[in-house]
Amino acid sequence: MYHEKSDTYSCDICGFEMGWEDHDDEHGELWGCELCGATFCTKCYVERHGRKNYDEMVQSGGYILCPNCEDKLGIEEKAMKYRTSRGHEV
């Protein structure tokens with residue numbers, strides 16, 4: 001979320017606040033989810049999905065997703081794999 005008065009952004013998950021181009025040793029960087037528009041910090045993503053998944057996401061050139069959207073897509077992807085493994089059309 002952007003705060004106009006202080007020209008800062010805050011993580012929509014933990015509330016950590018700093019400038020967009022800044023870096024914090026504990027929270028890392030702030031990112032914008034390309035699916036829902038939420039702002040989130042590196043720390044919140046890594047705590048939920050792990051450093052390996054975070055590194056793959058930022059280096060892949062694909063979408064940057066917040067932890068919540070990553071959860072939703074992960075569930076949908078697992079359901080699709082389950083349905084196709086059972087011979088159901090998707």
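Computation of the quantities below employed the complete heavy-atom set of this structure, encompassing side-chain atoms and omitting hydrogens, waters and symmetry-equivalent molecules.
- Of all heavy-atom pairs between Gly28 and Met18, the closest is O-CE, 3.2 Å.
- Side chains of Lys72 and Leu35 form no contact here, defined as non-hydrogen atoms less than 4.5 Å apart.
- Residues Arg48 and Asn53 bring no donor and acceptor atom of their side chains to less than 3.5 Å of each other.
- Remark: Glu17 pairs with Ser6, Thr8 by the side chain to side chain donor-acceptor pair (under 3.5 Å) rule, at least two apart or across chains.
- By the side chain to side chain donor-acceptor pair (under 3.5 Å) test, His49 is found to be paired with Asp71, residues two or more places apart in sequence or in another chain being considered.
- Listed by first and then second residue, the side-chain hydrogen bond (donor to acceptor under 3.5 Å, both in side chains) pairs that reach into residues 29-39 are Trp31-Thr42, Trp31-Tyr54, sequence neighbours excluded.
- In this view, Glu26 and Lys43 satisfy the side chain to side chain donor-acceptor pair (under 3.5 Å) rule, not counting sequence neighbours.
- Glu70 CD to Leu73 CG: the interatomic distance, rounded to the nearest 0.5 Å, is 6.5 Å.
- Partners of Tyr9 according to the ring-ring contact (aromatic ring centres under 6.0 Å, His included) rule, which considers only residues two or more places apart in sequence or in another chain, are Tyr2, Trp20.
- Residues passing the salt bridge (Lys or Arg N to Asp or Glu O under 4.0 Å) test with Asp22, sequence neighbours excluded: none.
- Residue Met1 shares its hydrophobic cluster (ILVMFWY side chains chained together at separations under 4.5 Å) with no other residue.
- Contact of the Cys11 side chain with the Leu30 side chain is registered, since non-hydrogen atoms from C-beta on lie closer than 4.5 Å.
- For Asp12, there are no side chain to side chain donor-acceptor pair (under 3.5 Å) partners, not counting sequence neighbours.
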request  = List the steps and the verdict of side-chain contact (heavy atoms from CB on, under 4.5 Å) for Ile13 and Tyr45.
outcome  = CA-CA 9 Å; Ile13 297 169; Tyr45 188 95; over 6 Å; no
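- The side-chain contact (heavy atoms from CB on, under 4.5 Å) search around Glu21 returns none, not counting sequence neighbours.
- Between Phe40 and Cys33, the closest side-chain pair of non-hydrogen atoms falls below 4.5 Å.
- Scanning for salt bridge (Lys or Arg N to Asp or Glu O under 4.0 Å) contacts around Asp24 gives an empty result, with sequence neighbours left out.
- Residues Glu47 and Pro67 are not in side-chain contact: their nearest non-hydrogen atoms beyond the backbone lie 4.5 Å or more apart.
- Remark: Tyr63 engages no residue in a ring-ring contact (aromatic ring centres under 6.0 Å, His included) (not counting sequence neighbours).
- For the atom pair Met57 CE and Cys66 SG, the distance stands at 9.0 Å (nearest 0.5 Å).
- Residues in residues 51-64 take part in these salt bridge (Lys or Arg N to Asp or Glu O under 4.0 Å) pairs, two or more places apart or across chains: Arg51-Asp55.
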